[in-house]
Amino acid sequence: MNSPVRERTERSSTATGPVRGVGRAHAKAILLGEHTVVHGTPAIAFPLPTLSVRAIARPGAPGGVLEIPEGHFGFVAGNPNAAENTLSGPRVAVEEALRRWGLTGQIAEVVMECDIPLARGLGSSAACAGAAVRAVADLHGRTVDAATLYELVQCGEQVAHGRASGIDASAVLADGPIRFHEGTATALDIGLDAALVIADTGVPGSTQHAVAGVRRTLDHDPRAARRVLSRAGELISGAAADLSTGNAPSLGQVMLDFQDLLAELGVSTPHIDTLVAAALDAGAYGAKLTGAGLGGCVLALTETGDARTVSAALRRAGAVQTWTVPTRGLRSSAQPPSAPTSEHGVNP
Ligand code: MEV
């Protein structure tokens, strides 16, 4: 996703219907299965509802100026004169929505306020696309069902990631933890009473670049690729059982084993390795990168009572911000999980 932009448009004076539409989506974290999910394994992810993006959509017309307030992002969809590659994933998602609704030729200005740190593996591009599509749907009085919204966000994600499995699009729209496999998300049973601490390396990572690098690594050695993907599948099955039975030590070990696979795939970094080691030294059961890697965030599993100590250790080791998510709040997919608490940084 690129920086905020100012694009030439003109507020439509002839627009009918609502003056503006609003939409929202939230961040996600992948517990296990990033990268291997692109190559057919399942993956497990959960929503982060208090790290959200709020979008406002208004009708636009060629020739004016889109004013984007400080700290916000924006783009114009459907404007043939718009600059290339600006917030391209969300814009592609909205333009596909307009096409499906028979509204090609309509211009929509979208301005977003985003709590989700960009390019840190927390789903900012998918969440911006989801919020933007919801806002434009609201603007035009359209109802979007869950399957259509997923497809539209996926259109944007294919642009943002090169090849997107769909886990980000599913998780940023989900209201509980999911197991995702080959385009289908199912609600996951969680019986674990522990805490997940997310630590931001402060380093932006390119998902597109990481996904392309993993593909090259797998293509280079098909036998090693089969071994890695089969091991990933075993680990993810074991993790689903651990989540259900509440076996935190076993799940922590699975996370460490999965981190080894991700390192073998070339997406860990010395900074990530340092944060993983710091979490373990502070008493975490396990830790790994989350998202595409090559920067981004680390996820650690701890006893609830150790979460503060682990967060502090992660910050001492160089994390720029951390968030703690109690796993008991992830149990029900029918209700939003309880709010993650922020120790540092942007999250209220
Ligand atoms: C990115 O959050 C997750 C990846 O597996 C890419 C994808 O699944 O689309 C790296």
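Counting starts at 1 for both ligands and their atoms, in listed order.
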Test: R99 and E95 ion pair at under 4.0 Å: no
Looking only at protein heavy atoms, what sits closest to atom 3 (C) of ligand 1 is I30 CD1, 3.7 Å
Near K28 (heavy-atom distance under 4.0 Å), the atoms of ligand 1 are 2 (O)
Counting from 1 in the order shown, the ligand 1 atoms closer than 4.0 Å to a non-hydrogen atom of E34 are 5 (O)
Would you call L139 and V19 a side-chain contact if the rule is heavy atoms closer than 4.5 Å?
no
Quiz item: Do NZ/NE/NH1/NH2 and the carboxylate oxygens of E264 and R231 come within less than 4.0 Å?
Solution: no
Review point. Got a salt bridge between R54 and D115, using NZ or NE/NH1/NH2 to carboxylate O under 4.0 Å?
Key: yes
The atoms of ligand 1 lying under 4.0 Å from a heavy atom of A164, numbered in the order shown, are 9 (O)
among protein heavy atoms, the one nearest atom 7 (C) of ligand 1 is S165 OG, 3.4 Å
| Residue pair R179 / T186, side-chain donor-acceptor N/O under 3.5 Å | no
min-distance protein heavy atom vs atom 4 (C) of ligand 1 -> H35 N, 3.9 Å
One finds that the ligand 1 atoms under 4.0 Å from a non-hydrogen atom of V37 are 5 (O), 8 (O)
Does R20 pair with E109 as a salt bridge, N-O distance under 4.0 Å? no
Ligand 1 to V38, heavy atom cutoff 4.0 Å, flagged ligand atoms 5 (O), 6 (C), 7 (C), 8 (O)
For I167, the ligand 1 atoms with a heavy-atom partner under 4.0 Å come out as 8 (O)
Legend entry - T309 side chain to D306 side chain, donor-acceptor N/O pair below 3.5 angstrom: no
> Does E157 have a non-hydrogen atom less than 4.0 Å from ligand 1?
Replying inline: no
